[in-house]
Amino acid sequence: MPNTGPESTTHDEAATAESKERRVCPECGSEDLVEDPDTGELVCRECGLVIEEARVERGPEWRAYSAEEREEKSRVGAPTTPLRHDRGLTTEIDWRDRDAYGRALSPARREQLERMREWQRRLRAQGRERSLRYALGEIQRMSSALDLPRSTREEAATLFRRAHERGFLPGRSVEAVASSALYAACRREGIPRSLDAVSNVSRVDRDEVARTYRRLVRELELGIAPYDPAGFVPQIVSELDLGDRVERRAVEIIRETAAQDLTSGKSPKGFAAAAVYLAARLCDEHATQRDVAAVADVAEVTIRDRYHEQAHALGIEY
DNA sequence: ATGGTTTTTACTGCGTC
DNA sequence: GACGCGGTAAAAACCAT
């Protein structure tokens, strides 16, 4: 990494020293962690697990107080992104037969250039990159359809890369792995999108996404927590045109009931739907079970069961 | 594959507008 | 009579083993 000004080194040291404190290896529990001087990765001395990948500063350096300073301190090139199959770092060969000064090239040079272009075309199209490009394209497409924030897209892209590097793809469809990576990214970031929602915009069917997702979670050892039901509330509320009084009440219901007992094993969406139904009822903004069930995509029976439990837990009787 | 749990499907009865 | 709600039994889906 070029261009590390004096301010930034002290800044970095402070940051890493801070985070190296009281970090334990999730694998073996050892506190003996070292930072690899070459790669910048945080590695466990006991078992060799890489706990943290190298952190790369992507933005411009520090702060700039004037135009000249900004020029001086900014890094070269665009920020890297996991969303581009080459992280935005490949060589681009211009299509114009001009040199850097805009002069025409000699015939020999032109021929050489032509050959180089051909090479690059081949390299790019080839196996390894092809599936990556396809997958990342699909991740973008599905993400747009699902209105996912950029961070989630990047997470999905990174997960796909890891799977790819682990040799997870052979024997599976790229599309299925891409879809699973996307769903996993949503889960990891707590962005409420159901498996159904994801498989609806995927080109492979729900069962395959589910199956692949499970395997992917095992393969990459992703610890995935269940969704917080409250995350589903805003969507349901807005689709039913209920006020935010209802929304707040529903979240309250979830907080109070989830704390004491059973969300475990229950579908978070069903739980949220029930809370919305109950909240609407308490706020005199009636929504029918049928409508709530329809927009939340759960069965009416589930709403009944959940909201009875919630009402009971809150000491309300019907 | 298996078994336990949760969700869905389908159907029925009751009260109200 | 249609609608909202509640209950139930059986099938399907899910999940850990």
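Residue numbers begin at 1 in each chain, while the letters A, B, ... track the order of the sequences.
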Starting at [atom1] of [X] and ending at [atom2] of [N], how long is that distance when rounded to a whole Å?
X         : N       : atom1 : atom2 : result
Asp196(A) : dA12(C) : CG    : P     : 18 Å
Asp297(A) : dT9(B)  : CG    : C1'   : 15 Å
Ile303(A) : dG7(C)  : CD1   : C1'   : 16 Å
Asp305(A) : dG6(C)  : CG    : C1'   : 10 Å
Lys269(A) : dA13(C) : NZ    : P     : 16 Å
Glu309(A) : dG6(C)  : CD    : P     : 14 Å

Nucleotide of [options] approaching [X] most closely (side-chain heavy atoms):
X         : options                  : result
His286(A) : dC14(C), dC5(C), dT7(B)  : dC5(C)
His308(A) : dC15(C), dT7(B), dG6(C)  : dG6(C)
Val301(A) : dA13(C), dG6(C), dA10(B) : dA10(B)
Lys266(A) : dC15(C), dT6(B), dT9(B)  : dT6(B)

- [ ] Return the 5'-most residue of the pair Leu195(A), Glu300(A) with respect to DNA chain C, ranking by each residue's nearest nucleotide.
- [x]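 Here Glu300(A) is the residue nearer the 5' end.
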Got a list of protein N/O to nucleotides 1-4 of chain C N/O distances below 3.5 Å?
unit_1 : atom_1 : unit_2    : atom_2 : d
dG4(C) : OP2    : Arg290(A) : NH2    : 2.7

N-O pairing of [X] and [Y] below 4.0 Å:
X         : Y         : result
Arg161(A) : Glu165(A) : no
Glu252(A) : Arg255(A) : no
Arg203(A) : Glu138(A) : yes

Do we see a donor-acceptor contact under 3.5 Å between the side chains of [X] and [Y]?
X         : Y         : answer
Tyr277(A) : Arg306(A) : no
Asp305(A) : Thr302(A) : no
Tyr183(A) : Arg187(A) : yes

- [ ] Mind checking Arg206(A) for me? I need base, sugar-phosphate or nothing, with any heavy atom below 4.0 Å counting as a touch.
- [x] sugar-phosphate
Open item on the list: Quick check: closest heavy atoms across Lys269(A) and Asp297(A), and the distance to 0.1 Å?
Closed with: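 Shortest heavy-atom separation between Lys269(A) and Asp297(A) comes out as NZ-CB, 3.7 Å.
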TODO: Establish, with yes or no, whether the OP1 or OP2 oxygen of dT7(B) is under 4.0 angstrom from a side-chain nitrogen or oxygen of Arg306(A).
DONE: yes
